[in-house]
Structures are given as C-alpha cells and as structure tokens.
2 protein chains.
Amino acid sequence: MSNKEALEHYDHKQFRTPDGYTSDIAVFTILSTKIGEFKPPHMTLMLMLIKRAQLNAEGQPNIEASKWALPGGFVQPDESAYEAAKRELEEETSVNSIHIKHFGVYDKPGRDPRGWIISNAHYAIVPEHELSKRKANDDAADVRLFSVDEVLQLDLAFDHREIIEAAIAVIKHDLLQTPVAKSFLQDHFTYSELQAVLKTVTNDPAITSDQAFSRKIKTLPFIEEVSGQKTQRTSKTPTQLYRFADEMNIVRPIYSARY
Amino acid sequence: MSNKEALEHYDHKQFRTPDGYTSDIAVFTILSTKIGEFKPPHMTLMLMLIKRAQLNAEGQPNIEASKWALPGGFVQPDESAYEAAKRELEEETSVNSIHIKHFGVYDKPGRDPRGWIISNAHYAIVPEHELSKRKANDDAADVRLFSVDEVLQLDLAFDHREIIEAAIAVIKHDLLQTPVAKSFLQDHFTYSELQAVLKTVTNDPAITSDQAFSRKIKTLPFIEEVSGQKTQRTSKTPTQLYRFADEMNIVRPIYSARY
DNA sequence: TGAATAGTGTCTATTAGACATTATCCC
DNA sequence: GGGATAATGTCTAATAGACACTATTCA
C-alpha cells in the first residue's frame with residue numbers, strides 16, 4: 001500500500017494546530033574593555049535585546065509593547081526553525097555563518113497572549129566588531145547590549161525571562177565544556193585572551209591563575225601552538241599565539257575524570 | 001497601551017501555521033542478560049520501536065505503513081510537547097515519572113508527506129522490568145526492542161533514522177557526562193552493575209578495568225557508599241552497595257581537565 | 001631601572017594505571 | 001581446594017597546584 005493512497009484519506013483538520021511557529025535568538029557577544037596598551041583585555045559577556053515598539057509595522061498597538069525581548073520572528077513554511085534563526089539574525093545584524101545553536105523549545109500553553117505559539121530558542125555568538133552594524137527593525141524601538149548580570153533585572157516580554165535564564169546557563173556550560181570559546185576569539189589568540197573569555201563564566205583557579213593557565217594551554221589536545229607566531233597586543237613581552245585545532249570531540253567521562 | 005487592546009488588532013491569519021505539532025520518544029532500556037548465579041550482568045542498550053500498522057484507527061490506509069518508527073503523537077493544545085511525550089509514554093508503556101528529556105526539533109520542510117509537521121524529539125529511560133507492560137496501540141502492528149547496533153539497519157519511517165542517530169549520540173554522551181546512568185539502575189547498586197551500564201557505551205580502560213573502577217567509584221563526589229550494605233547478587237563475595245547522591249552539578253572544564 | 005606580562009624551574013601531594021596479592025564465599 | 005568476584009597493597013610515571021624566579025620589552 002503506497003503513501004500516495006494513504007495521503008488521499010488524510011485530513012489535517014483532525015487535530016488542532018498551533019497558531020504560530022517562531023524562532024527566538026539570544027545573541028551573545030563579548031565586550032572587550034581595552035584597559036590600556038600592552039595589557040590583556042577585560043571581557044564581559046553581553047546579551048543583545050530589542051525594545052518592542054509601541055506600534056507594530058502596520059501602525060497598530062503592539063503586543064508586550066515597550067518591554068525588552070529576544071529578537072526573533074515567524075518561521076516560514078519553506079524553512080526550518082534553525083534556518084529561520086539564521087535568517088533573522090542576518091536581517092537583524094547583517095552577520096551570517098557564525099555559531100548558532102538550538103537549545104530549547106518553549107510551548108507552554110498561555111506563554112503568548114496571541115494564542116498557541118511555539119518558540120524555538122537558539123543562542124548565537126557574534127564577535128563584538130560584527131555587531132556594530134546592528135539596527136532596529138520595524139518592530140523594535142531600540143537595540144541594546146546588556147551584561148548577563150543586569151539583563152534579568154529588566155522588564156522582559158512574554159516568557160523571555162525563562163528563556164534568557166536558560167540561554168545564560170547553556171552558554172556558560174558550553175564555554176567550559178566545549179571549544180565554543182573559539183567563536184569569541186580571532187583565529188590566532190594568546191593564552192590571556194582565551195583566559196579572559198573563560199573568566200567571564202568561571203572563577204576556577206586552574207583558569208584564573210596566569211601561570212597555571214599559560215602552562216595548561218600547551219597540553220590541551222584541541223589547541224595548538226602557531227609555531228613562531230607572537231604578538232605584542234597583550235604585553236610588551238611578545239606572546240605566543242595559539243589556535244583551535246579542527247573539530248575534536250572532548251569526552252572525558254565524569255566517571256574517570258579527576259576530582 | 002495594554003496587551004488587551006493590542007490583541008483586538010491581532011490576526012492569526014497573517015502567517016501560515018504548521019499542519020501538525022507532535023512529540024516523538026526514543027525509549028531506551030537496558031537488557032540485563034543474566035550470565036549465571038553470582039555473576040555481574042552483561043548489559044545491552046536497547047531502543048523500543050513500533051511497527052506502523054497497514055490501516056490506521058479509522059480503517060484507512062496508514063502513512064508509512066509497515067515501517068518501524070518511534071512512538072509518538074500529536075501534542076494537545078492544553079499541554080507542552082514535553083507533557084505530551086510523558087503522556088504518550090505512559091499510554092504506551094504504563095510507565096510514568098521516569099527520566100525523559102527533550103533533545104531536538106525536527107521540522108525540515110518535506111520531512112512528513114502529510115504537510116508541515118513539527119516533531120519534538122525526546123529520549124526516555126525505562127528500567128527493563130517496567131517495559132514488560134508494553135502494548136501495541138491502535139496505530140501499531142508490533143512493538144519490539146532493538147539493540148542500538150541493529151536498529152539502524154531497519155526500514156524506518158519518515159526521518160526517524162536521523163532522529164534515532166541523534167538520540168543514540170545524545171544518550172551515549174549523557175551516560176558518560178551526567179549521572180543519568182542512575183535511571184538504569186536500582187537505588188542501590190554494586191560497582192560492577194554501574195560498570196556494566198557504562199560499558200554499553202564506552203570501552204575506556206578506566207571504566208572497563210574492574211580494579212580501577214572499583215577503586216574509582218569510592219572517590220566520585222556524586223556517588224556515596226551505603227554504609228554496611230552488601231549484596232551477593234553479583235558474586236559469592238558480598239559486594240558493597242552504592243547510591244547516587246542527590247542532584248549534583250559536575251562541571252570540570254575541558255580547559256582544566258586531565259588528558 | 002621600574003613596571004608589567006610571559007614564561008620556566010622546582011618541589012610536593014595526589015592519583016591514574018598497572019600488576020600482584022589477599023579476602024570472601026559457594027560448591 | 002577450586003573457582004570466581006571483590007577489594008587492597010604497592011610501585012611508577014604523570015601532573016595539578018603552588019611558589020619563586022627569570023625573560024622581555026617599553027617608558
């Protein structure tokens with residue numbers, strides 16, 4: 001019996017369907033506060049939010065107006081939620097092909113006053129300099145970066161507080177458990193630049209101690225020295241440059257790790 | 001301006017909406033092959049699939065008939081996809097309140113011939129003895145367990161091959177990186193029982209070596225000895241019983257781990 | 001020369017990993 | 001005693017973590 005035959009008998013109306021299918025994106029960047037010449041940077045993990053306009057594109061009163069929210073929008077029928085997130089991020093910031101990852105589905109009944117609306121939550125990592133091109137679109141009155149510490153004190157739209165809390169937890173986890181820190185850095189970086197990225201999410205002494213970390217980085221299997229390449233952008237002493245090796249799976253079971 | 005006012009102007013019809021919203025569940029269990037009295041078990045990681053019936057509940061030809069598929073079904077408007085997965089799992093196996101986790105969204109256009117249908121993928125862990133109650137429901141001609149090695153050789157419905165590959169990767173990862181092995185074991189277990197679970201997904205010598213593992217288990221911060229409790233179910237020599245400590249976050253950064 | 005970051009020398013306590021040995025129990 | 005699993009003794013090589021020290025450069 002063929003699928004074709006079966007399809008003739010199929011009726012979509014037999015189940016209620018959602019009223020909307022959207023993708024939201026938590027766009028993270030790291031603000032590099034230059035402390036001075038010949039100094040390693042101080043870094044702060046930031047999240048980009050938009051302020052919802054009073055009126056929508058059609059000039060009608062907007063839902064959750066004047067609250068801060070994650071950028072996002074409706075998924076088109078010819079794309080996946082992941083592709084929609086990529087598209088929307090590019091529309092919003094003119095950035096494409098950067099790190100973007102799905103991390104959750106938000107579909108609790110009542111989460112959106114407009115009806116049964118499902119949101120796919122993604123987080124993206126955009127290097128600071130790429131974000132300069134950001135712009136407010138029709139629905140947004142403002143676009144701004146907030147540190148992950150202050151962002152939860154805002155008046156947030158829909159269930160975005162919950163989504164943002166999860167996004168922050170996920171990126172903190174991923175920064176320490178995967179080589180995703182790569183996305184915040186240039187291709188070649190010094191030990192202190194990588195250290196600065198990690199210090200935005202941990203105070204593990206193995207990472208915060210300069211000597212320990214500068215030694216450790218040489219032995220990590222997913223990082224390699226760029227032989228002979230040094231820079232002076234973080235110190236007067238020329239500093240060794242490193243890069244991430246191509247995709248590596250790091251899986252040390254918790255049952256054999258050291259504690 | 002209130003949300004109430006804004007809602008009066010809102011029109012659902014302005015965006016196309018999905019034709020269906022479903023939850024699928026990869027139900028894993030571990031088959032404990034008893035080798036004999038006073039021996040630790042040999043374990044195999046199994047996945048439960050259903051065989052789609054020729055005819056659906058209404059007596060009409062079924063889509064993807066006679067192929068093997070993940071159990072699942074449509075999400076109701078008054079529940080989340082996660083709740084739907086829990087409900088469906090209970091309908092299918094009479095098991096409730098076990099480990100269940102969302103791990104992905106499958107929404108590529110064309111993945112289901114019936115239209116724009118979004119599936120939330122979950123994996124669940126069900127102890128072997130609970131699965132005995134499993135039954136085929138209306139849409140299923142058969143229910144069966146397959147080892148994760150043989151399951152990919154089956155003729156699988158929709159895009160379930162892709163979903164199952166991801167599910168297997170996720171559970172292998174989680175077994176080694178989180179204390180989820182707990183869900184496969186009784187409250188109290190011996191080192192060799194835990195070891196048998198882990199051996200279904202790794203051949204790391206730190207785990208496969210009896211002496212090494214029986215020593216290591218004593219030092220793991222998320223496992224504690226049940227003082228004075230021993231069992232003889234795995235050997236003639238009484239063996240120490242252990243249990244998982246209450247929820248613990250295990251985060252050893254890859255940047256400080258030992259390699 | 002002073003100040004600052006990068007990087008090394010060296011010591012200690014811990015431990016992973018390996019191998020040998022002992023313990024316990026049932027038959 | 002034989003056989004099997006559990007658990008400990010012991011040695012070695014590796015290394016995390018800490019502290020002191022040296023190297024490099026610019027002002």
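If you're wondering where the values come from, they're calculated on a predicted model, not measured in any experiment. Below, chain A is the first sequence line, B the second, and so on; all start at residue 1.
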Handout entry: DNA chain C-proximal residues of residues 192-212 of chain A, any heavy atom under 4.0 Å
Key = A:Ser192, A:Gln211
Handout entry: Separation of D:dT8 C1' from B:Gln240 CD (nearest whole Å)
Key = 14 Å
Practice task
Decide if atom NE2 of A:His188 counts as having more than 12 heavy atoms of other residues, nucleotides or ligands within a radius under 6.0 Å.
Solution key: yes
Practice task
For the residue pair B:His160 and B:Lys67, establish whether any side-chain heavy-atom pair is separated by less than 4.5 Å.
Solution key: no
Completion exercise
A:Thr200 meets the side chain to side chain contact (heavy atoms under 4.5 Å, CB included) criterion, sequence neighbours left out, with A:Ile30, A:Met43, A:Leu45, A:Leu175
Exercise for the section: Would you mind reading off the distance between B:Tyr242 atom OH and D:dA6 atom P, rounded to a whole angstrom? Expected result: 11 Å
Exercise for the section: Send over the distance from B:Phe189 CZ to D:dA6 P, rounded to a whole Å. Expected result: 14 Å
Exercise for the section: Round to a whole Å and report the spacing from NZ of A:Lys230 to P of D:dT24. Expected result: 9 Å
Exercise for the section: Please work out if A:Thr219 contacts a base, only the sugar-phosphate, or nothing of the nucleic acid, heavy-atom cut-off 4.0 Å. Expected result: nothing
Problem - Separation of D:dT5 C1' from B:Ile217 CD1 (nearest whole Å) - result: 15 Å
Problem - Short side-chain donor-acceptor distance under 3.5 Å, A:Tyr255 and B:Asp204 - result: no
Exercise for the section: Please check the phosphate of C:dA6 (OP1 and OP2 only) for any side-chain N or O of A:Tyr191 closer than 4.0 Å. Expected result: yes
Exercise for the section: Give the rounded distance in Å between these two atoms: CG of A:Leu220 and C1' of D:dT15. Expected result: 13 Å
Practice task
Answer whether the closest heavy-atom distance between the side chains of B:Glu130 and B:Ile98 falls below 4.5 Å.
Solution key: no
Problem - Donor + acceptor pair across side chains of B:Tyr242, B:Lys218 (<3.5 Å) - result: yes
Exercise for the section: Would you indicate, yes or no, if D:dT5 has its OP1 or OP2 atom less than 4.0 angstrom from a side-chain nitrogen or oxygen of B:Thr239? Expected result: no
Fill in the blank from the handout: Taken to the nearest whole Å, NZ/A:Lys39 to C1'/C:dA6 is 14 Å
Handout entry: Results of side chain to side chain donor-acceptor pair (under 3.5 Å) for A:Gln232 - residues two or more places apart only
Key = none
Completion exercise
For A:Asp155, the side chain to side chain donor-acceptor pair (under 3.5 Å) test, sequence neighbours excluded, returns none
Are any protein N/O atoms closer than 3.5 Å to N/O atoms in nucleotides 23-27 of chain C? If there are, list each pair with its distance.
| from | atom 1 | to | atom 2 | distance (Å) |
| --- | --- | --- | --- | --- |
| C:dT24 | O2 | B:Thr237 | OG1 | 2.4 |
| C:dC25 | O3' | B:Gln232 | NE2 | 3.2 |

Handout entry: Residue-phosphate contact under 4.0 Å: A:Ser256 side-chain N/O, C:dA16 OP1/OP2
Key = no
Exercise for the section: Taking the side chain as every heavy atom from C-beta outward, state whether A:Ile168 and A:Lys172 have any pair of such atoms under 4.5 Å apart. Expected result: yes
Extract from the structure each pairing of a protein N or O with an N or O of nucleotides 10-15 of chain C at less than 3.5 Å, listing the distance.
| from | atom 1 | to | atom 2 | distance (Å) |
| --- | --- | --- | --- | --- |
| C:dT10 | O4 | A:Arg215 | NH2 | 3.4 |

Practice task
In plain terms, say whether B:Glu83 and B:Arg87 are close enough for a salt bridge, that is, a side-chain N and a carboxylate O under 4.0 Å apart.
Solution key: no
Exercise for the section: Determine, step by step, whether A:Leu47 and A:Tyr123 satisfy the side chain to side chain contact (heavy atoms under 4.5 Å, CB included) criterion, reporting the C-alpha distance in whole Å, the side-chain angles of both residues, the deciding distance to 0.1 Å, and the verdict. Expected result: CA-CA 10 Å; A:Leu47 180 59; A:Tyr123 80 79; over 6 Å; no
